[in-house]
Amino acid sequence: MATDTPLVTQKDVQQYRDEGYFVLKSALPEEHLDLLRHEADYAIDRIHQQMDRERVDSIGICHRGKRYFSAHVWRERPELLRFIKSPLMGDICRATIGEDAYLFWEQYVIKAADTGMKFSWHQDSGYVGYPEHPAYLTCWIPLDDVSEKNGTVHLLPYSRSGIRTYVHHTQEPGSNDMVGYFGSDPGIAISAPAGSIVCFSSLVFHRSGANTTDKMRRVYLAQYSSEIITSSDGMTRKGAAEPVLQKGELIDWRLGILDTRGEPEV
């Protein structure tokens, strides 16, 4: 059920429609912020273990000692469902993508101190890799205060990019980032306290700078779709495909993982 006093306002909803994003500052309850922080070290450790097994220092867009994208941690730490399927996240989904919602993707995005790499201009839909999929919701949640100094997200609203549709991306050598915008607009840098939620469409271009501080910059990312996203041929489910809302009703997180048929990609 929805919370009694939804944090998402009609102004937020309109901005999401017009510009593709809105920001909810200091939105997380302390217990959920603590929960997400608690699993951050585990998220890094599992990437290190994979790199050690494969005797490499980079896997995809992960680079040892610089930045980490640790996906689908919730499958190994199902207590994260307390946040993923919380009333707050249900309210955000209803306000942006509608009465039905699925967890599409979940990951920790962590930049190391001093050497945390930038992340290039892209649409999240650019990583899906083909245009015929529904735009989905990204919730970018800083677990530490964020600013330009530690590599916060920069957003390019629809009115500034002039783009509201999927754009073909190309892979950047070295970083392996997918890049879809090559203009000069620096975007809007989001400065926000830990526990805020930056909500934006998968069609909004965004990037992040390097972390130049002496502390890690930790972010938790939860992405929700209005329907199950599949491969371009429609044969294979992509991402988690975990039901969160059905006809507006929030699915109780205590039921556990309901859909194990999704195809998680790391």
Side-chain angles (χ1 to χ4, degrees), residues 1-24 27-28 32 36 71-75 78-107 123-141 158 164-166 197-204 220-265:
M1 297 293 290
T3 54
D4 292 334
T5 55
L7 192 59
V8 183
T9 67
Q10 189 55 45
K11 182 179 178 181
D12 294 326
V13 173
Q14 193 61 50
Q15 183 172 309
Y16 187 82
R17 293 171 181 166
D18 293 343
E19 298 287 14
Y21 80 100
F22 60 89
V23 181
L24 303 175
L28 262 64
H32 284 169
L36 298 182
H72 304 296
V73 178
W74 70 285
R75 290 190 178 276
E79 58 267 34
L80 288 169
L81 289 171
R82 283 198 288 135
F83 169 73
I84 292 167
K85 297 186 180 185
S86 65
L88 170 60
M89 301 314 291
D91 283 343
I92 293 172
C93 286
R94 289 187 199 90
T96 53
I97 60 174
E99 297 291 286
D100 295 300
Y102 298 84
L103 177 68
F104 169 58
W105 202 264
E106 173 263 16
Q107 64 184 1
Q123 299 168 312
D124 285 335
S125 282
Y127 281 86
V128 175
Y130 68 94
E132 294 84 11
H133 67 270
Y136 53 91
L137 166 70
T138 292
C139 295
W140 191 92
I141 303 159
Y158 293 147
R164 292 174 172 265
T165 58
Y166 171 90
I197 307 177
V198 185
C199 305
F200 54 93
S201 166
S202 65
L203 299 176
V204 167
Y220 184 77
L221 198 75
Q223 296 174 318
Y224 300 86
S225 58
S226 59
E227 59 188 72
I228 293 172
I229 296 176
T230 66
S231 56
S232 57
D233 60 9
M235 300 300 292
T236 305
R237 294 185 178 197
K238 294 180 73 70
E242 174 69 11
V244 175
L245 285 178
Q246 290 184 343
K247 297 181 179 179
E249 293 295 319
L250 190 66
I251 294 173
D252 195 326
W253 68 269
R254 290 169 294 190
L255 297 175
I257 298 172
L258 299 179
D259 195 328
T260 60
R261 293 173 293 170
E263 295 293 331
E265 300 173 2

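None of these values were measured; they are calculated from a predicted model.
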Of all the heavy-atom pairs spanning [X] and [Y], show the shortest one and how long it is.
{"X": "Pro131", "Y": "Tyr166", "value": "CB-CD2, 3.5 Å"}
{"X": "Val204", "Y": "Glu19", "value": "CG2-O, 4.0 Å"}
{"X": "Ser225", "Y": "Phe104", "value": "OG-CB, 3.9 Å"}
{"X": "Arg75", "Y": "Ala240", "value": "NH2-O, 3.4 Å"}
{"X": "Pro134", "Y": "Glu227", "value": "CG-CG, 3.5 Å"}

Between atom [atom1] of [X] and atom [atom2] of [Y], what is the distance when rounded to the nearest 0.5 Å?
{"X": "Tyr16", "Y": "Cys199", "atom1": "OH", "atom2": "SG", "value": "8.0 Å"}
{"X": "Arg237", "Y": "Ile228", "atom1": "CZ", "atom2": "CD1", "value": "3.5 Å"}
{"X": "Phe83", "Y": "Met89", "atom1": "CZ", "atom2": "CE", "value": "4.0 Å"}
{"X": "Ile251", "Y": "Leu103", "atom1": "CD1", "atom2": "CG", "value": "11.0 Å"}
{"X": "Glu99", "Y": "Cys93", "atom1": "CD", "atom2": "SG", "value": "11.0 Å"}

Less than 4.5 Å apart, any side-chain heavy atom of [X] and any of [Y]?
{"X": "Cys139", "Y": "Gln223", "result": "no"}
{"X": "His32", "Y": "Ser86", "result": "yes"}
{"X": "Trp74", "Y": "Leu81", "result": "yes"}
{"X": "Tyr136", "Y": "Ile229", "result": "yes"}
{"X": "Leu250", "Y": "Leu245", "result": "yes"}
{"X": "Leu88", "Y": "Ile197", "result": "yes"}
{"X": "Trp253", "Y": "Pro78", "result": "no"}
{"X": "Ile92", "Y": "Tyr224", "result": "no"}

**CA sep, side-chain torsions, deciding dist, call: Ile141, Val198, side chain to side chain contact (heavy atoms under 4.5 Å, CB included)** = CA-CA 6 Å; Ile141 303 159; Val198 185; over 6 Å; no

**Message:** Any donor-acceptor pair under 3.5 Å linking the side-chain atoms of Glu106 with those of Tyr220?
**Reply:**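 There is such a pair between these side chains.
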
**Request:** Kindly indicate, with the supporting measurements, whether the criterion side chain to side chain donor-acceptor pair (under 3.5 Å) is fulfilled by Ser226 and Asp100.
**Result:** CA-CA 5 Å; Ser226 59; Asp100 295 300; over 6 Å; no

**Asked** Can you name the one residue among Thr9, Val13, Thr96 that meets side-chain contact (heavy atoms from CB on, under 4.5 Å) with Phe22?
**Response**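 Answer after filtering Thr9, Val13, Thr96: Thr96.
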
**Asked** Going by an N to O cut-off under 4.0 Å, is there a salt bridge joining Glu242 and Lys85?
**Response**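 Lys85 and Glu242: salt-bridged.
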
**Message:** Donor-acceptor check, side chain of Arg164 to backbone of Leu203, threshold 3.5 angstrom: yes or no?
**Reply:**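 No, because the side chain of Arg164 does not come within donor-acceptor range (under 3.5 Å) of the backbone of Leu203.
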
**Message:** Would you call the rings of His133 and Tyr130 parallel, tilted or perpendicular, taking 30° and 60° as the class edges?
**Reply:**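 His133 and Tyr130: perpendicular rings.
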
**Asked** Should Asp124 and Phe200 be marked as a side chain to side chain contact (heavy atoms under 4.5 Å, CB included) after you check the CA-CA gap, both sets of side-chain angles, and the distance that decides it?
**Response** CA-CA 10 Å; Asp124 285 335; Phe200 54 93; 3.7 Å; yes

**Message:** Please determine whether the number of non-hydrogen atoms from other residues, nucleotides or ligands lying under 6.0 Å from atom CD of Gln246 exceeds 12.
**Reply:**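 Count not over threshold, so no.
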
